There are 2 protein chains.
Amino acid sequence: MLSSKAKYAVRAALQVAEAGGGSDWVQVAEIARREAISRKFLEAILVRLRDEGLLESRRGAQGGYRLARPAQDISVADVIRSIDGPLALTPCASRTRYGQCQDCVEVSRCRLQPLMQQARDAVAEVLERCSLATLIAAPGTLSLHA
Amino acid sequence: MLSSKAKYAVRAALQVAEAGGGSDWVQVAEIARREAISRKFLEAILVRLRDEGLLESRRGAQGGYRLARPAQDISVADVIRSIDGPLALTPCASRTRYGQCQDCVEVSRCRLQPLMQQARDAVAEVLERCSLATLIAAPGTLSLHA
DNA sequence: CTGTTTTCCTACTGCTCTGGTAGGAATTAG
DNA sequence: CTAATTCCTACCAGAGCAGTAGGAAAACAG
């Protein structure tokens, strides 16, 4: 399950992407209002997305956030990973942050790992293919390749 | 990420399936030894799998656990869901335990839900297709349809 | 240069979940 | 009856989650 932080993050990223084609600065308070999220809580989320290189920020009056890259170059997977970490079900199946499972005796002989990698590939395929632009463009197109 | 409980559960289920073709009673202590899991901890896991209908148990001397169904009729998804709950990334995308997300304002207009369902379908496809029998049979066959 | 807007940083809190541990009751085989 | 084994209840420490609070730092407007 995703954390609510991650869900908020995707929604917030969509708001940023939509405002002025993603090139205008959008304020936290504005996003918070539109998505009905606590402003303070949202702040922490956006700072994280900025630290991960998905957003840019500017302080002060008329400041705010905007996308660091075009909307079609930011996938939903990027956003989720920035907040919740790897998509994989086990550390040993993660490509972005591979690590050995502590409870696994020997990775090379693990019977689950190949399966876990398949599962990771399957979910990554879906979430990496879908960019913020895709999500904005058409609610209809998504169901097409389902 | 899976809990370590869920990973132990899959390994334990494999041990049960392997012993005597799944029809003999296997003791907790035996599984704990072979998989290097705390016996008491494993007990809780197996009780859960039994409650969910995947295993049968018998108390007393010569007691233990065995599969409630043939190994090819128990999927890895079944085991994982028994311990960790739904595979879906959001409640609103779960088929086995559908529920509305609290933080979601209106489900019918949620822009994430279709995508989350795709992700769920993708991971479920992999984990439901793979049974305990599949995992036991061949480490090689798995990588074939990757 | 002053005030206003807005992000940014640090710290705190209450709650639930995770990963166990402990002790003993109930049941079954021999 | 005795030994083996599951089953039940309770407990515990640490981590993570979902926020909340207060103010410092920066940028712009005038």
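Worth knowing before you read on, the calculation uses all heavy atoms, side chains too, and leaves out hydrogens, waters and symmetry mates. None of these values were measured; they are calculated from a predicted model. Every chain is numbered from 1, with letters handed out A, B, ... down the list of sequences.
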Going by chain and number, the hydrophobic cluster around A/Tyr98 (ILVMFWY, side chain to side chain under 4.5 Å) further includes A/Val107
Atom pairs, protein N/O to nucleotides 1-4 of chain C N/O, distance under 3.5 Å:
none

Measure the shortest side-chain to side-chain distance between A/Val126 and A/Val76 over non-hydrogen atoms and say whether it is less than 4.5 angstrom.
no
Contact list for DNA chain C against residues 45-56 of chain B - heavy-atom distance below 4.0 Å:
none
Heavy-atom contacts under 4.0 Å between residues 9-19 of chain A and DNA chain D, which residues?
none
Within this structure, what is the CZ-to-P distance between A/Arg59 and D/dA29, rounded to whole angstrom?
18 Å
For a quick test of reading the model, state the closest non-hydrogen atom pair linking A/Ala124 to A/Leu87 and the distance between them.
CA-CD1, 4.0 Å
For A/Ser57 and C/dC8, is the shortest distance between a side-chain N/O and OP1 or OP2 below 4.0 Å?
yes
How far apart are the closest heavy atoms of A/Arg120 and A/Ser94, and which atoms are they?
CD-CA, 4.2 Å
For residues 52-65 of chain A, which residue pairs qualify under side-chain hydrogen bond (donor to acceptor under 3.5 Å, both in side chains), counting only residues two or more places apart or in two chains?
A/Glu56-A/Arg66
If you only use heavy atoms from C-beta on, which nucleotide in C/dA29, D/dC7, D/dA26 is closest to the side chain of B/Tyr65?
D/dC7
Under 3.5 Å, which donor-acceptor pairs do the side chains of residues 7-19 of chain A form with other protein atoms, sequence neighbours left out?
{"from": "A/Lys7", "atom 1": "NZ", "to": "B/Asp103", "atom 2": "OD1", "distance (Å)": "3.3"}
{"from": "A/Gln15", "atom 1": "NE2", "to": "A/Glu35", "atom 2": "OE2", "distance (Å)": "2.7"}
{"from": "A/Glu18", "atom 1": "OE1", "to": "B/Arg111", "atom 2": "NH2", "distance (Å)": "3.4"}
{"from": "A/Glu18", "atom 1": "OE2", "to": "B/Arg111", "atom 2": "NH1", "distance (Å)": "2.7"}

So, with a heavy-atom separation below 4.0 Å from DNA chain D, the residues of residues 86-97 of chain B are none
B/Glu30 CD to D/dT6 P: how many Å, rounded?
11 Å
Checking B/Ser3 now: which residues fulfil side chain to side chain donor-acceptor pair (under 3.5 Å) with it, not counting sequence neighbours?
B/Asp84
For the pair made of CZ in A/Arg58 and C1' in D/dA25, what is the distance, rounded to whole Å?
16 Å
Taken to the nearest whole Å, CG/B/Leu42 to C1'/D/dT6 is 12 Å
Within-4.5 Å side-chain heavy-atom neighbours: A/Leu112 and A/Leu89:
no
When the distance from CD of A/Gln27 to P of C/dC8 is rounded to whole Å, what number comes out?
12 Å
B/Gln117: partners by side-chain contact (heavy atoms from CB on, under 4.5 Å), with sequence neighbours left out
B/Ala93, B/Gln113
Which residues pass the side chain to side chain donor-acceptor pair (under 3.5 Å) test with A/Glu106, not counting sequence neighbours?
A/Ser108
Report yes if the side chains of B/Leu54 and B/Leu67 come closer than 4.5 Å at any heavy-atom pair, otherwise no.
no
To the nearest 0.5 Å, tell me how far A/Ile45 CD1 sits from A/Glu43 CD.
10.5 Å
Spacing of A/Trp25 atom CH2 relative to D/dA26 atom P, expressed in whole Å:
16 Å
Find out whether A/Met116 and B/Leu127 are in side-chain contact, i.e. whether some heavy atom of one side chain is under 4.5 Å from a heavy atom of the other.
yes
Applying side chain to side chain donor-acceptor pair (under 3.5 Å) to A/Asp78 and not counting sequence neighbours gives A/Arg69, A/Ser75
Using a 4.5 Å cut-off on heavy atoms from C-beta on, say whether the side chain of B/Arg81 contacts that of B/Glu128.
yes
For the pair B/Gln72 (side chain) and B/Thr134 (backbone), establish whether a donor and an acceptor sit closer than 3.5 Å, ignoring hydrogens and angles.
no
With B for base contact, S for sugar-phosphate-only contact and - for none (protein heavy atoms under 4.0 Å), nucleotides 12-22 of chain D reads ------SBBBB
